[in-house]
Amino acid sequence: MEKRRMQKIFEEVSLLGFGCMRLPQKNGAIDYEAAEKLVDMALEGGITYFDTAYYYHDQTSESFLGKALTARHPRDQYTIATKLPLSVVQEADDLERVLDLQLKRLNTSYVDFYLCHGLSADAYFNKFKPMGVEAFLKRMVKAGKIRYYGFSTHDKPEGLKQLIDDAEWDFVQIQLNYLDWTELDAKTAYQHLVDKDIPVVVMEPVRGGGLANLADGPRQLLERRFGGQSAASIALRWVGSLPGVKVVLSGMTEPYQMEENLDTFSPFVPLTEADKLAVANIVTALKSLPVIPCTACNYCNVCPNDISIPRIFARYNNYVMFERPEELIAPYERFIGEGHRAEDCEACGICVPFCPQSIDIPGWMQRVVEKREEIRQER
Ligand SMILES: NC(=O)c1ccc[n+]([C@@H]2O[C@H](COP(=O)([O-])OP(=O)(O)OC[C@H]3O[C@@H](n4cnc5c(N)ncnc54)[C@H](OP(=O)(O)O)[C@@H]3O)[C@@H](O)[C@H]2O)c1
Ligand code: SF4
Ligand code: SF4
C-alpha cells in the first residue's frame with residue numbers, strides 16, 4: 001500500500017482511505033457482517049485511514065466503527081477521521097458535548113482527524129468563527145481528544161481560499177476527480193491548498209461511482225488506452241497522481257471494489273503524461289454527450305417555488321454521462337427535497353432570463369419528470 005506523509009504534521013497515512021458513508025446495507029441498516037469483513041480487508045490490505053461522520057448511515061456509521069474497528073483492532077494501527085456535524089451545533093457549549101458523543105460512539109478516547117463537516121465560508125464567518133470554533137479545536141488538541149483538525153467543503157474555490165487564509169488547518173478534504181477538475185473547478189481549489197502546503201484529502205474520487213461506469217463513447221476511449229484496467233482504477237490513479245493529495249477516500253460497498261482498489265494502490269503507479277492526455281479526451285467525450293449545459297452558477301436562484309435547478313440538472317447529467325438511470329431515482333430523492341423537485345416546477349418561466357447559458361429551464365424540468373416516470377415504469 002502506497003503511504004504518503006502529510007506535510008507539516010508529519011503523519012504518514014495510506015494513500016487509499018476507507019470512506020464509511022457507503023457501507024453495505026441490509027433491510028435499510030448497515031449490514032454489520034458484510035461491513036465488518038470490508039474493515040478487516042481494508043486493514044489487511046494496508047489501509048490506515050478510516051473516514052466517517054456523525055450523520056452517515058442515519059448516525060450509525062460511527063458506532064459501527066466503534067464495534068468493527070476500535071473494539072477489535074489495536075488503536076495504534078489505524079487513524080480515524082470523523083466530522084463535527086455543523087447543523088446540530090447551535091451554541092458554543094454544544095461543541096464539546098457533540099465531540100464527546102462521537103468519541104463514545106467510536107469507542108475511543110481520541111479522533112485522529114477531526115473535520116468541520118461541509119464547512120462554507122458563509123457558515124464559518126457568520127456562525128462558527130464568532131462561536132470560537134478554532135479555539136475549541138485547539139483546546140481539544142491540548143486535551144488529547146483530537147490530534148489534527150481540518151474541514152471538508154463543497155464551497156467554491158474562493159470560499160475555500162477565505163477559509164484557509166483565516167485559520168490554521170492541518171488538512172482539508174475536497175471533492176476531486178478528473179471530471180470535477182474542470183466541472184467544479186477543483187483544480188483551483190487544489191492549487192490553493194498546495195500553495196499553502198496544506199495536505200489534501202480527496203472525497204468522491206470516482207464521483208460517487210459515476211466514473212466507474214462511463215457511457216459508451218467515453219468508455220471506448222478508456223478501453224483503447226487502458227484496455228484491461230477498470231474505469232474506477234483509472235479515476236483513482238488520476239487523483240493519486242497529484243502530489244498534493246495525501247489520502248484518496250473511496251466509499252467501497254462490495255468486496256470486489258475493496259480488492260480492486262487495494263490492488264490499484266499496492267503498489268501505486270502514477271499515470272504518465274500520455275495517460276493524462278487520454279483522460280482529458282475522455283472528459284471531452286463526457287462533456288459532448290447530450291447533457292444540460294448548466295454550470296451550477298446559481299443565477300437562476302429566483303424561483304418562487306425554490307426549485308433546486310442546478311442540483312436537478314446535475315443528477316440528470318450524471319444519468320446521461322454514466323448511464324445510471326438510478327441517478328434520477330434514489331440520489332435524486334435524497335439530494336433534492338420534496339417540494340423542490342422538477343415535479344414542482346410550474347413552468348412560470350421567471351428563471352429563464354437569468355440563465356447565462358440560455359437553458360430552457362421549464363422545458364428541461366418537464367423532460368426530467370418524464371424521464372423519471374419512464375425509468376420507474378421500466379423497473
Ligand atoms: N465530507 C463530505 O461532505 C463528504 C461528501 C462525500 C463523501 N465523503 C467521504 O468521502 C468518501 C469517499 O467518497 P465516495 O464514497 O463518494 O467515493 P467514490 O470512490 O467516488 O464513490 C464510491 C462509489 O464508487 C464506486 N466504486 C468505488 N470503487 C469501485 C470499483 N473498484 N469498481 C466499481 N465501482 C467502484 C461504488 O459505487 P457503486 O457501488 O454505486 O457502483 C462506490 O459506492 C465517502 O465514503 C465519505 O467517507 C465526505
Ligand atoms: S419555470 Fe419552474 S424552475 Fe423556473 S422559476 Fe418557474 S417554477 Fe421555478
Ligand atoms: S442559471 Fe443556468 S447555468 Fe446557472 S445554475 Fe441556473 S440553469 Fe444552471
Side-chain angles (χ1 to χ4, degrees), residues 16-24 49-57 61 81-83 85-86 115-119 150-155 172-177 179-180 201-213 229-236 239 247-264 292-314 317 322 324 326-327 330-331 340-366:
L16 176 63
F18 186 13
C20 298
M21 187 181 79
R22 301 180 194 272
L23 297 168
Y49 193 106
F50 290 78
D51 175 85
T52 181
Y54 181 96
Y55 302 118
Y56 294 168
H57 288 286
S61 174
T82 194
K83 312 187 185 88
L86 300 180
L115 301 89
C116 295
H117 196 166
L119 191 63
F151 62 89
S152 67
T153 188
H154 292 283
D155 205 345
V172 171
Q173 183 172 311
I174 57 170
Q175 177 171 338
L176 180 57
N177 54 62
L179 186 58
D180 291 326
V201 176
V202 169
M203 55 186 163
E204 308 194 45
V206 188
R207 224 188 197 226
L211 296 178
N213 195 20
Q229 297 174 59
S230 76
S233 74
I234 300 306
L236 293 169
V239 171
V247 183
V248 181
L249 293 173
S250 184
M252 296 159 275
T253 314
E254 305 277 346
Y256 87 87
Q257 295 172 350
M258 179 66 76
E259 246 167 56
E260 186 183 301
N261 296 357
L262 287 170
D263 274 357
T264 300
I292 309 169
C294 173
T295 59
C297 66
N298 222 17
Y299 292 157
C300 56
N301 190 12
V302 292
C303 171
N305 292 359
D306 201 11
I307 306 286
S308 303
I309 301 169
R311 284 181 179 203
I312 293 168
F313 289 171
N317 287 348
F322 312 132
R324 276 161 67 109
E326 67 271 21
E327 279 287 339
H340 308 288
R341 297 178 180 160
E343 289 77 351
D344 303 297
C345 168
E346 289 173 352
C348 66
I350 290 175
C351 54
V352 175
F354 290 88
C355 178
Q357 311 298 325
S358 307
I359 296 171
D360 169 15
I361 297 173
W364 276 107
M365 289 296 161
Q366 184 55 32

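In each ligand, atom 1 is the first atom listed, and ligand 1 is the first ligand listed.
- Across N177 and V239, no two heavy atoms sit closer than the pair CA-CG2, 3.9 Å.
- Aromatic pair Y54/H117: ring centres not closer than 6.0 Å.
- Residues M365 and I312 form a side-chain contact, since some pair of their non-hydrogen atoms from C-beta on lies under 4.5 Å apart.
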* Asked: Could you go step by step and tell me if T52 and S61 meet the side-chain hydrogen bond (donor to acceptor under 3.5 Å, both in side chains) rule?
  -> CA-CA 6 Å; T52 181; S61 174; 2.7 Å; yes

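- Interface of P304 with ligand 2, defined as ligand atoms under 4.0 Å from a residue heavy atom, comprises 5 (S).
- The pair E204-R207 does not count as a salt bridge, with every side-chain nitrogen at least 4.0 angstrom from each carboxylate oxygen.
- Under the 30°/60° scheme for interplanar angles, the aromatic rings of F313 and W364 are found to stand perpendicular.
- In this structure, the side chain of K83 does not engage the main chain of S152 through any donor-acceptor pair within 3.5 Å.
- The shortest heavy-atom contact between A232 and E260 is CB-OE2, 4.0 Å.
- The immediate protein surroundings of ligand 1, defined as residues with any heavy atom under 4.0 Å of it, consist of G19, C20, M21, R22, D51, Y56, K83, H117, S152, H154, Q173, M203, E204, P205, V206, R207, G208, G209, A212, A232, L249, S250, G251, T253, Y256, Q257, E260, N261, R324.
- Judged by distance alone, the side chain of S250 and the main-chain N or O of M252 form no donor-acceptor pair under 3.5 Å.
- For atom 4 (Fe) of ligand 2, protein N, O or S atoms closer than 2.8 Å were enumerated as C351 SG, with waters left out.
- The side-chain contact (heavy atoms from CB on, under 4.5 Å) test with C300 is passed by exactly one of I307, I361, V352, I359: I361.
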